[in-house]
Engineer: 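Got a structure for you, written out below as structure tokens; questions coming shortly.
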Amino acid sequence: MIFNKLKSRLLEAVARHDIMGAIIDYWQVVQGQDSRQTKEKQLRDVVQGLADFAKRHNIWIFLLSQTNEAEKNLRRPRLD
């Protein structure tokens with residue numbers, strides 16, 4: 001889904017149903033506005049755009065993502 005379409009759907013839900021929040025599952029599939037950017041930059045822009053949207057419309061947004069096993073091992077918190 002393209003980011004602008006996601007924002008439009010969220011705005012419609014806020015206006016029609018007075019939602020208090022939204023849960024977006026697997027947000028990595030949301031495409032940024034500029035396809036020439038790296039995927040990482042696009043995802044950062046999507047996160048920032050959703051944060052701005054949430055603040056502007058006074059709602060909460062949970063972004064859920066999936067990681068592969070290699071990433072899990074790299075990011076596992078450790079107590080030293």
Side-chain angles (χ1 to χ4, degrees):
M1 174 178 285
I2 296 174
F3 179 61
N4 287 335
K5 188 172 183 179
L6 175 62
K7 283 195 328 186
S8 294
R9 286 188 178 182
L10 285 171
L11 187 56
E12 182 180 345
V14 168
R16 273 192 182 176
H17 306 291
D18 197 29
I19 64 169
M20 296 174 22
I23 299 172
I24 300 171
D25 189 12
Y26 204 60
W27 68 275
Q28 294 98 323
V29 298
V30 176
Q31 298 172 2
Q33 297 177 23
D34 187 355
S35 62
R36 296 171 296 178
Q37 294 177 332
T38 65
K39 187 66 175 172
E40 180 183 355
K41 175 71 170 120
Q42 286 183 31
L43 292 176
R44 266 194 260 133
D45 289 349
V46 167
V47 169
Q48 187 59 58
L50 288 172
D52 294 343
F53 181 92
K55 287 178 188 175
R56 190 175 317 115
H57 297 285
N58 197 29
I59 65 170
W60 51 262
I61 296 178
F62 285 126
L63 295 176
L64 306 175
S65 66
Q66 297 176 354
T67 59
N68 63 33
E69 289 300 317
E71 289 176 345
K72 282 184 183 179
N73 291 333
L74 291 174
R75 297 180 185 188
R76 183 175 294 151
R78 294 174 24 178
L79 295 174
D80 292 327

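Model, not experiment: these values are computed from the prediction.
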Engineer: Of all residues at least two apart in sequence or in a different chain, which pass the side-chain contact (heavy atoms from CB on, under 4.5 Å) check with Ala54?
Structural biologist: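 Per chain and number, Ala54 pairs via side-chain contact (heavy atoms from CB on, under 4.5 Å) with Ile59, Ile61.
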Engineer: Apply salt bridge (Lys or Arg N to Asp or Glu O under 4.0 Å) to Arg56 and list each qualifying residue two or more places apart in sequence or on a separate chain.
Structural biologist: none
Engineer: Could you report the tightest heavy-atom contact between Gln37 and Gln42, atom names first, then the distance?
Structural biologist: O-NE2, 3.3 Å
Engineer: First locate atom CG of Leu50, then atom CD1 of Ile24, and finally report the distance between them rounded to the nearest 0.5 Å.
Structural biologist: 4.5 Å
Engineer: Could you work out, with side-chain contact (heavy atoms from CB on, under 4.5 Å) as the rule, every residue matching Ser65, not counting sequence neighbours?
Structural biologist: Trp27, Gln28
Engineer: Throw together a table of side-chain donor-acceptor distances under 3.5 angstrom for residues 9-20, partners on residues two or more places apart or in other chains.
Structural biologist:
unit_1	atom_1	unit_2	atom_2	d
Glu12	OE2	Arg16	NH1	3.2

Engineer: Hey, could you give me each pair passing salt bridge (Lys or Arg N to Asp or Glu O under 4.0 Å) that has a residue in residues 42-53? Not counting sequence neighbours.
Structural biologist: Glu40-Arg44, Lys41-Asp45
